[in-house]
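Read the numbers this way: they start at 1 and go in the same order the structure lists the ligands and their atoms. Keep in mind it's a predicted model, so treat the numbers as computed, not measured.
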Amino acid sequence: MKKFILLVLICNFSIFNFCKADEGMWLPMFLKAMNETDMQSKGLKLSAEDIYSINKSSLKDAIVHFGGGCTAEIISDQGLMFTNHHCGYGQLQEHSTVENDLLTNGFWAKSHEEELPNPGLTATIIVRMEDVTKQVLANVTSGMTDAERDKKVNEAMVQIAKDAIKDTHYGAYIRPFFYGNEYYLFVTETFKDVRLVGAPPSSIGKFGGDTDNWMWPRHTGDFSIFRIYANKDNLPAEYSKDNVPYKPKYVIPISIKGIEENDFTMVYGFPGRTTEYLSSYAVNMIMNESDPAKVKIRETRLAIWDVDMKASDKVRIQYSAKYASLANYWKKWDGEIRGLKKADAINKKKLFEQDFLLKVNTDDDAKGKYGNLFSDFQKMYSEISPWSKQRDYHSEAIMGIEAVSVASYFYDIVDAIKSGKKASDLQKRIDGTKADVADFYKDFNAVADEKICAAMLKTYIDNIDKTKQASIFSEIEKKYKGDFKKYAKDIYSKSIFVSEEKVQEAMKNLDKNYKKIEKDPIYKLMYSCLSKYKQEVLPKYMELDAKIASLNRTYMKAMRELIIDKKYYPDANGTLRVAYGKASGYYPKDGVHYDFYTTLEGVMEKENPSVDEFIVFPKLKELYKNKDYGQYANKKGELPVAFCASNHTTGGNSGSPVFNGEGQLIGTNFDRNWEGTMSDIIYNPDQVRNIVLDVRFTLFVIDKFAGAGYLLNEMKIVK
Ligand code: ARG
Ligand code: GLU
């Protein structure tokens with residue numbers, strides 16, 4: 001009873017202030033003011049200054065934005081990093097051939113010389129961050145239109161970022177926070193020579209594949225190892241064999257002491273995008289329109305690829321990365337729909353909005369400023385809904401036809417040549433396109449794509465109102481009477497876009513050949529669809545979206561003004577954040593409980609030699625049979641593989657370090673549970689879990705499985 005009263009006191013159960021334990025992705029520079037006390041009461045032994053400091057080296061100096069889309073952590077004084085297998089997957093694929101298949105066999109560089117360079121891959125570290133709201137909004141006045149405001153804001157952002165890095169080798173960007181109510185500057189240092197050091201075979205790094213993706217309990221050894229190289233002065237440089245391993249400002253120690261349920265956990269990384277403060281109208285559009293449409297379209301594409309990938313090893317390698325990336329959000333959106341329904345998200349938001357409006361209406365000033373917010377939202381979402389649908393079908397279905405997407409590389413170029421007004425950078429664009437074309441055809445299979453084409457066009461005409469379809473559809477209808485297979489067969493047999501040689505040939509003299517491209521049937525299909533999209537759909541969508549953005553800004557301001565007893569964290573936007581919580585199992589459904597950790601035992605339970613995703617390498621089985629786990633076993637003698645915790649994370653947090661209370665690495669974040677994928681929109685503390693690879697499994701694989709124990713000599717391991 002005492003406990004209950006205490007809980008009520010702490011939580012303050014008003015509609016505005018749920019006690020949502022562990023929700024939030026916090027800005028490192030505000031930890032001291034907003035979170036330090038709370039974090040320490042939950043088990044953090046460090047200070048906020050140990051986590052983020054501009055005066056001394058701190059954890060932040062070892063947190064890396066990996067390739068712009070994932071996170072990595074520095075774990076040696078020679079620039080060695082852990083990230084996820086799926087974050088390095090593109091690089092692993094690039095280095096793979098049928099004869100030397102790094103995906104299937106794994107890869108371990110035995111010396112620095114064997115580490116593989118990855119042109120284009122970057123590693124970015126945050127130097128400092130700063131609130132620049134005042135400066136960004138200095139020239140914004142209340143009477144401005146949204147367009148005028150945007151212009152002033154953009155001008156200021158460019159100037160401030162430029163000034164911030166004057167005479168340095170740093171980069172800088174400014175991002176809006178709280179829907180443009182605040183702006184923060186990030187000064188960065190970006191390394192461009194990042195080499196592959198090691199990765200387990202996919203049967204470990206991707207164990208469970210798409211079947212287990214977004215699922216707990218999980219048994220995936222989802223890690224890979226890279227190293228940052230710098231020039232002799234320890235500064236970022238383009239790849240050169242003279243570069244040397246980077247000496248970081250901070251090295252993360254690794255703990256193999258293990259973790260117990262309810263232990264403090266902290267995730268430090270670069271979450272990509274969340275939208276936690278949306279109105280019920282927005283959630284309705286996502287849950288009932290956009291997500292379901294995208295899920296259905298992707299399902300069709302995946303099923304077609306699957307058949308062709310199973311039939312040929314070449315196609316399997318060509319399409320593995322594309323398949324994984326398409327499948328990933330297909331499954332995420334599906335989980336998100338279910339999670340939103342289960343959390344009764346729309347009704348919860350509606351209740352909140354009703355109460356909020358009551359509050360607004362008690363104050364004349366607030367009523368004047370915010371009284372129409374929800375009716376405005378309602379109006380805007382009913383207007384944007386059909387355009388949003390067209391946008392989804394364009395990007396997911398039409399541009400999901402790969403030959404159409406490669407043809408679209410020529411859309412602007414052909415128009416520029418035709419207009420006679422040759423842009424000064426035309427030749428540069430053509431050269432760039434040549435490289436993109438070469439890149440594209442490495443991983444293209446026309447047989448599968450022809451089937452995709454037929455299926456996608458069918459789905460488009462079945463779902464998009466006839467009056468809103470691109471004009472080519474009435475021609476196809478006339479000539480082919482709805483037989484899209486026949487149409488696809490026809491255009492794929494005639495088009496140059498099914499053959500790299502033909503496209504490269506046409507590019508040799510585009511001044512003349514553009515006419516040939518224009519007559520090409522796949523180009524024509526692309527041209528009609530993309531013109532419709534660029535000239536009609538996108539402008540309208542963007543116009544309405546800008547109005548919604550402005551409403552969101554007002555709504556956010558209103559909430560912070562009127563509900564003052566709540567701590568607000570800004571939505572994820574690809575900037576550095578800290579999330580904290582605890583290791584914790586959960587009840588996914590009535591009567592079912594999931595434990596917070598998994599072990600190698602579970603890998604063996606899932607083993608299935610006849611299903612690709614569940615094959616277990618003989619060497620791993622041998623280690624299992626002999627229980628040869630060395631110092632990596634837990635107290636019960638089991639070999640831990642993964643654990644789940646209540647940290648609030650999202651896409652981009654993959655590869656993020658997961659720390660214990662002492663600031664030691666206990667794992668690498670790699671996923672979220674399916675029941676919790678709606679946490680990008682609404683956080684439900686009993687259901688949302690991030691999924692972490694236990695670092696003991698990582699070290700076990702490096703040491704015992706791969707025999708690459710020499711890498712451990714670089715690391716600081718705490719026993
Ligand atoms: N769901 C994880 C994330 O969002 C892992 C994705 C990669 N794995 C896969 N089987 N597709 O990125
Ligand atoms: N796998 C995701 C990523 O690549 C993390 C999972 C999530 O969305 O939480 O960032």
Side-chain angles (χ1 to χ4, degrees), residues 22-23 25 63-73 82-93 103 199-200 202-216 218-224 265 267-276 298 301-302 305-306 309 319-336 339 571-574 576-577 579 581 606 611-614 642 644-658 667-681 683-684 687-693:
D22 307 337
E23 174 174 358
M25 301 172 178
I63 315 297
V64 174
H65 208 175
F66 182 84
C70 277
T71 305
E73 55 273 13
F82 284 155
T83 186
N84 290 147
H85 185 265
H86 78 261
C87 294
Y89 201 70
Q91 284 74 34
L92 286 165
Q93 190 219 356
L103 293 172
S202 293
S203 66
I204 290 176
K206 205 179 177 229
F207 183 76
D210 289 301
T211 306
D212 272 9
N213 190 21
W214 298 109
M215 295 290 199
W216 182 257
R218 189 65 157 277
H219 300 87
T220 316
D222 196 344
F223 78 94
S224 59
T265 56
V267 178
Y268 205 173
F270 292 88
R273 185 175 141 82
T274 59
T275 46
E276 311 283 349
R298 288 199 173 191
R301 289 167 61 195
L302 289 167
W305 279 353
D306 190 49
M309 284 169 74
Y319 276 73
S320 54
K322 287 197 270 197
Y323 187 98
S325 116
L326 197 69
N328 194 33
Y329 265 62
W330 156 71
K331 193 160 178 184
K332 192 248 171 180
W333 289 321
D334 197 19
E336 185 168 276
D571 271 320
N573 57 359
L576 187 61
R577 302 297 177 91
K606 284 181 179 171
V611 177
D612 220 30
E613 294 174 326
F614 294 99
C644 67
S646 62
N647 303 95
H648 194 183
T649 55
T650 189
N653 270 125
S654 272
S656 297
V658 181
T668 305
N669 192 74
F670 70 97
D671 211 357
R672 242 179 313 166
N673 61 336
W674 211 42
E675 298 83 2
T677 48
M678 76 309 186
S679 68
D680 291 348
I681 297 169
Y683 183 94
N684 175 356
Q687 295 293 311
V688 177
R689 294 294 177 271
N690 61 316
I691 300 180
V692 185
L693 173 64

In the protein, what heavy atom is nearest to [atom], and what distance, to one decimal place, separates them?
atom: atom 2 (C) of ligand 1; value: D671 OD1, 3.2 Å
atom: atom 5 (C) of ligand 1; value: N213 OD1, 3.4 Å
atom: atom 10 (N) of ligand 1; value: D210 OD1, 3.1 Å
atom: atom 3 (C) of ligand 1; value: N328 ND2, 3.4 Å

Decide whether an N or O pair under 3.5 Å exists between D222 and ligand 1. no
Nearest heavy atoms of Y268 and S656, plus distance in Å: O-CB, 3.6 Å
Heavy-atom pair with the smallest gap, counting every atom of H648 and D22: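 What the structure gives for the nearest pair is CB-O, 3.8 Å.
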Which ligand 1 atoms are under 4.0 Å away from a heavy-atom of A324?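 Atoms satisfying the 4.0 Å criterion: 11 (N).
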Closer than 4.0 Å to some heavy atom of G209 - which atoms of ligand 1 meet that?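 Every atom of ligand 1 under 4.0 Å from some heavy atom of G209: 10 (N).
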Is the closest side-chain donor-acceptor distance between W674 and N213 under 3.5 Å?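 Not at all, the side chains of W674 and N213 share no donor-acceptor pair under 3.5 Å.
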Do N653 and N669 pair up side chain to side chain, a donor and an acceptor below 3.5 Å, judged on atom types alone? no
Within the heavy-atom cut-off of under 4.0 Å, ligand 2 is lined by H86, W214, T649, T650, G651, G652, N653, S654, F670, D671, R672
With D306, which residues qualify under salt bridge (Lys or Arg N to Asp or Glu O under 4.0 Å), at least two apart? K310
Tell me, please, which residues at least two apart from E336 pass salt bridge (Lys or Arg N to Asp or Glu O under 4.0 Å).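 Listed in chain order: K332.
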Do side-chain atoms of D212 reach the backbone of R218 as a donor and acceptor pair under 3.5 angstrom?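 Looks like no, no N/O pair under 3.5 Å.
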Please check: side-chain N/O of D671 versus main-chain N/O of I691, any donor-acceptor pairing under 3.5 Å?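 It does not hold such a pair.
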If you measure from each non-hydrogen atom of F670 to ligand 1, which part falls under 4.0 Å: side chain, backbone, both or neither? backbone
Is the F82 ring parallel, tilted or perpendicular to the F223 ring (thresholds 30°, 60°)? perpendicular
Looking at residues at least two apart in the chain, or sitting in another chain, which of them share a side-chain contact (heavy atoms from CB on, under 4.5 Å) with A72?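 Counting only residues at least two positions away or on another chain, A72 forms a side-chain contact (heavy atoms from CB on, under 4.5 Å) with V64, F66, M81, T83.
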